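Worksheet: one structure, shown below.
Owing to the predicted nature of the structure, the values given are computational and were not obtained by experimental measurement.
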Amino acid sequence: MKRGGMSKAPQVDMKKISEQATPSPSGSKTSAVPSVNRLNDYLSRTHGDSMTVDVMGQPVKFTLQVIPYDQVKRKTMVWGQNERLQELLNESTLDDLMPTFTSNGQQFPAIGRDVNGIIEVADGSRRRMAAILTERDYRVWVGDMDDTQMASLTEVGNDYRPTSAYERGKRYKRLVEQVYGGNVKAMSTTENIARRVVIRCMATAELPLEVIKLFSNPADLSARSGEELAKVYKESKDAMMHRVS
């Protein structure tokens with residue numbers, strides 16, 4: 001692949017793109033789907049292997065890197081604060097990506113940063129696993145970003161293809177414990193998430209991973225049903241795990 005920056009690297013303002021996003025059905029949070037679609041459309045029309053993107057008000061220069069499929073596991077990793085659990089990614093949960101990867105490879109590059117020679121992926125963990133499973137090369141826009149910028153891109157990607165109630169519950173629990181001193185109400189208010197939703201997701205997150213893996217797609221288990229299942233697990237742990245095994 002030819003290297004070298006463009007004399008006038010294209011620029012796109014993520015903030016302006018995000019502001020055009022539409023409200024989610026629940027009305028509690030802005031949907032990132034329109035912003036992701038616009039950004040992906042922009043990237044698909046970008047020529048060359050260098051571009052500049054405004055992320056959280058700061059211009060970041062990105063270069064496109066192509067990782068051979070047999071090196072993806074070794075040379076890339078998912079950013080540690082991404083709430084999407086990689087253990088739950090398989091052919092079933094990636095059924096929207098697998099056909100395209102198999103026939104044409106990766107269509108839209110992921111986004112990440114280089115840390116000591118390892119690419120940390122902020123947006124594109126599902127594409128990373130699809131590349132591994134289909135043995136296709138993995139394309140990533142790599143830029144110098146801080147944790148705040150990485151978090152912003154991660155949130156956009158996860159909103160586009162929502163994580164499960166179980167995965168959200170794991171993150172909510174960490175936030176409540178590490179940031180909000182155990183105060184669920186403060187967390188729900190600050191993060192603009194309904195308190196009932198937070199409680200249900202956190203309850204779902206109490207289920208063993210072995211139970212979640214029984215679902216072909218973890219997203220099939222809603223927060224409401226997860227809360228009910230967690231009650232059963234709490235009352236009959238041994239019986240449930242016996243059935244699971």
* About how many Å separate CG of N217 and CG of L94, when rounded to the nearest 0.5 Å? -> 9.0 Å
* Any chance you could measure I67, atom CD1, to R139, atom CZ, to the nearest 0.5 Å? => 11.5 Å
* Would a distance-only check, ignoring hydrogens and angles, find a side-chain to backbone donor-acceptor pair under 3.5 Å from D123 to A110? -> no
* Take atom CG of D238 as the centre, draw a 6.0 Å sphere, and report whether it contains more than 12 heavy atoms from other residues, nucleotides or ligands. => no
* Asked: Considering all heavy atoms of both residues, which atom of P68 and which atom of D137 are nearest to each other, and what is their separation?
  -> CA-OD1, 3.3 Å
* **Residue list, salt bridge (Lys or Arg N to Asp or Glu O under 4.0 Å) with R224, at least two apart or on another chain** => none
* K61 and S50: which non-hydrogen atoms are nearest, and at how many Å? -> CE-OG, 3.2 Å
* Are M77 and W79 linked, directly or through other ILVMFWY residues, by side chains that come within less than 4.5 angstrom of each other? -> no
* Asked: What do the steps show when you test M187 against V184 for side chain to side chain contact (heavy atoms under 4.5 Å, CB included), and what is the final call?
  -> CA-CA 5 Å; M187 180 270 183; V184 174; 5.6 Å; no
* Asked: So which heavy atom on F62 is nearest to which on V53, and how close?
  -> CE1-CB, 3.8 Å
* Rounded to the nearest 0.5 Å, what separation is found between the CZ atom of R136 and the OG1 atom of T100? -> 10.5 Å
* To do: Return yes if some donor-acceptor pair links the side-chain N/O of R127 with the main-chain N/O of Q106 below 3.5 Å, else return no.
  => no
* Looking only at non-hydrogen atoms, find the nearest pair between A122 and L153 and report the distance. => CB-CB, 4.0 Å
* Going by the salt bridge (charged side-chain N to carboxylate O under 4.0 Å, His left out) test, which pairs reach into residues 173-187, not counting sequence neighbours? -> K173-E206
* Test: E167 and K170 ion pair at under 4.0 Å -> no
* Asked: What do the steps show when you test V232 against M240 for side chain to side chain contact (heavy atoms under 4.5 Å, CB included), and what is the final call?
  -> CA-CA 8 Å; V232 176; M240 178 178 284; 3.7 Å; yes
* Go through the steps to decide whether V198 and E191 satisfy the test side chain to side chain contact (heavy atoms under 4.5 Å, CB included), and finish with yes or no. => CA-CA 10 Å; V198 172; E191 302 292 330; over 6 Å; no
* Asked: Same cluster or not: are I212 and M202 linked, directly or through other Ile, Leu, Val, Met, Phe, Trp or Tyr residues, by side-chain heavy atoms under 4.5 angstrom apart?
  -> no
* Asked: Rounded to the nearest 0.5 Å, how far apart are OG1 of T134 and CE of M129?
  -> 11.0 Å
* Asked: Which residue pairs pass the salt bridge (charged side-chain N to carboxylate O under 4.0 Å, His left out) test when at least one of the two sits in residues 67-93, sequence neighbours left out?
  -> E83-R171
* **Hydrophobic cluster identity match, V78 and M150, side-chain contacts under 4.5 Å** => no
* To do: Begin from the C-alpha positions of E227 and R196 and carry the test side chain to side chain contact (heavy atoms under 4.5 Å, CB included) through to its verdict.
  => CA-CA 11 Å; E227 182 182 40; R196 182 73 259 178; 2.5 Å; yes
* **Within-4.5 Å side-chain heavy-atom neighbours: Q149 and V60** => yes
* Structure fact -> Nearest heavy-atom contact between P109 and Q107 is CD-O, 4.1 Å
* Asked: Can you tell me how far the OH atom of Y166 sits from the CG atom of L88, to the nearest 0.5 Å?
  -> 7.0 Å
* Roughly how far apart are I199 CD1 and T204 OG1, rounded to 0.5 Å? -> 11.5 Å
* Just one of D144, D146, D147 clears the salt bridge (charged side-chain N to carboxylate O under 4.0 Å, His left out) bar with R113, so which one? -> D147
* Does T93 use its side chain to pair, donor to acceptor, with the backbone of N90 at less than 3.5 Å? -> yes
* So, do M241 and V211 sit near enough that their side-chain heavy atoms are less than 4.5 Å apart? -> yes
* Pairwise side-chain contact, E228 with K231, heavy-atom cut-off 4.5 Å (strictly under) -> yes
* Do you know the tightest heavy-atom contact between L207 and A230? -> CD2-CA, 3.8 Å
* Asked: Just by modelled atom types, is the H242 backbone N or O under 3.5 Å from a matching donor or acceptor in the S245 side chain?
  -> yes
